[in-house]
There are 2 protein chains.
Amino acid sequence: MSNSNRYTVIMRDPLPQLPGYSLRRAAHATAAELGERLATLGLRQVDASVLILIAENADVTASALGRQLDIQRANMVPLLKRLDDEGLIERQPLDGKSQALLLTAAGHARMEAALGIIHAFEDELLARIPARHREHLLPALNALWR
Amino acid sequence: MSNSNRYTVIMRDPLPQLPGYSLRRAAHATAAELGERLATLGLRQVDASVLILIAENADVTASALGRQLDIQRANMVPLLKRLDDEGLIERQPLDGKSQALLLTAAGHARMEAALGIIHAFEDELLARIPARHREHLLPALNALWR
DNA sequence: TCCGGATAGCTATGGCCCATAACAATGCTG
DNA sequence: CAGCATTGTTATGGGCCATAGCTATCCGGA
């Protein structure tokens with residue numbers, strides 16, 4: 001990345017031997033890449049996640065979405081406001097305090113475009129991994145947080 | 001986490017099938033855990049990384065450290081200042097513009113304490129992973145960013 | 001039926017991590 | 001020696017997350 005030739009020094013670095021550290025670095029590197037691509041749609045990664053989940057679960061609540069994605073209710077507010085301002089989602093009152101979320105036509109189109117980018121990206125990620133390790137990544141990762 | 005019983009609704013969620021998304025979630029979850037433990041030492045994760053690398057490479061430069069850890073020079077400044085203010089590192093001029101970094105005695109002790117926490121944490125992480133997937137995690141992750 | 005606890009949506013605020021731009025001073029190389 | 005690269009630094013902003021607190025509403029049990 002930010003390496004010149006003259007100043008690249010071999011350094012003793014035990015960090016990449018630590019799964020936790022490699023996890024951090026891998027997540028950061030891949031997030032940056034995917035983020036760039038989604039930015040061409042005017043979306044952040046979390047926006048895409050929300051659009052996908054609304055598409056799969058019409059009329060979900062902001063709170064339910066937050067629970068599923070582990071996003072605090074407080075942080076859902078500006079997120080949904082952004083999607084609303086762009087005309088990607090609509091909110092309809094369910095009762096006096098809850099509101100149902102659903103995609104607009106534009107939101108559905110944007111979601112499908114994001115899904116295309118994401119799936120292509122996931123394929124590239126897997127392609128980077130040596131075949132014998134490839135199928136183990138997802139179950140190993142999911143064991144760490146689900 | 002933030003789930004009640006009454007309000008936990010089964011939602012269609014294709015996201016955990018995506019390695020990139022699971023990577024993100026796993027990294028965030030584990031980082032939060034490790035962060036809590038390192039906070040008992042008054043350290044952030046990045047602080048621990050820096051201390052470990054200085055210990056392994058006495059007299060490294062701030063710039064070289066930044067290259068190794070993929071941290072911008074600009075962002076090394078407050079980081080090193082914090083470690084310096086706590087008496088964990090020293091800086092000695094190498095020439096008119098570079099400075100050598102090295103651990104103080106307190107820094108070495110703090111680094112070893114951090115290393116203990118980190119290794120224990122890594123062991124716990126691996127223990128969560130089903131045995132048949134375990135050994136594949138590190139090589140798969142490293143293939144994604146190195 | 002009514003009341004207290006739980007929930008929904010929201011505002012405000014701060015921390016951490018990262019990125020970019022710019023600058024002066026210094027080192028290195030042709 | 002002149003020009004380019006590097007170092008350390010300041011300033012600034014964005015993205016993401018956490019917490020605290022508020023009001024209004026819903027719900028379940030006495």
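Computed from heavy atoms alone, side chains included, the values below leave out hydrogens, waters and symmetry copies.
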A:Leu69 atom CG is separated from D:dC17 atom C1', nearest whole Å, by 14 Å
For residues B:Gln45 and B:Leu34, determine if any side-chain heavy atom of one lies less than 4.5 Å from a side-chain heavy atom of the other. yes
Side chain of A:Ala74, heavy atoms from C-beta onward: which of D:dT19, C:dG9, C:dC18 has the nearest atom to it? D:dT19
Any donor-acceptor pair under 3.5 Å joining the side chain of A:Lys97 to the base of D:dT25? yes
Can you check whether B:Gln72 has a side-chain N or O nearer than 4.0 Å to OP1 or OP2 of C:dA19? yes
Whole-Å distance, B:Leu34 CG to C:dC17 P, equals 11 Å
Quick check on DNA chain C: between A:His28 and A:Arg73, whose nearest nucleotide comes earlier from the 5' end? A:Arg73
Do A:Val60 and A:Leu53 make a side-chain contact, defined as non-hydrogen atoms from C-beta onward lying under 4.5 Å apart? no
Distance, rounded to the nearest Å, where A:Ile71 contributes CD1 and C:dG9 contributes C1': 15 Å
Please tell me if the side chains of A:Thr104 and A:Ile89 come closer than 4.5 Å, counting only heavy atoms from C-beta onward. no
N or O in side chain of B:Arg44 less than 4.0 angstrom from C:dC17 OP1/OP2: yes
Taking CG from A:Leu65 and P from C:dC10, how many angstroms apart are they, rounded to a whole number? 13 Å
To the side chain of A:Ser63, which of D:dT7, C:dA19, C:dA8 is closest? C:dA8
So if I apply the salt bridge (Lys or Arg N to Asp or Glu O under 4.0 Å) rule between A:Arg91 and each of A:Asp84, A:Asp59, A:Asp85, which one comes out positive? A:Asp84
In whole angstrom, what separates A:Asn75's CG from C:dT11's C1'? 12 Å
Classify the angle between the aromatic ring planes of A:His136 and B:His136 as parallel (below 30°), tilted (30 to 60°) or perpendicular (above 60°). parallel
Which residues within residues 76-95 of chain B lie with some heavy atom under 4.0 Å of an atom in DNA chain C? B:Asp95
Rounded to whole Å, how long is the line connecting atom CD of A:Gln99 with atom P of D:dA24? 17 Å
Is there side-chain contact between A:Arg67 and A:Arg73, with at least one heavy-atom pair below 4.5 Å? no
Does a side-chain N or O of A:Arg67 approach OP1 or OP2 of C:dA8 to a distance below 4.0 Å, or not? yes
With B:Leu51, which of B:His108, B:Glu56, B:Met111 fulfils side chain to side chain contact (heavy atoms under 4.5 Å, CB included)? B:Met111
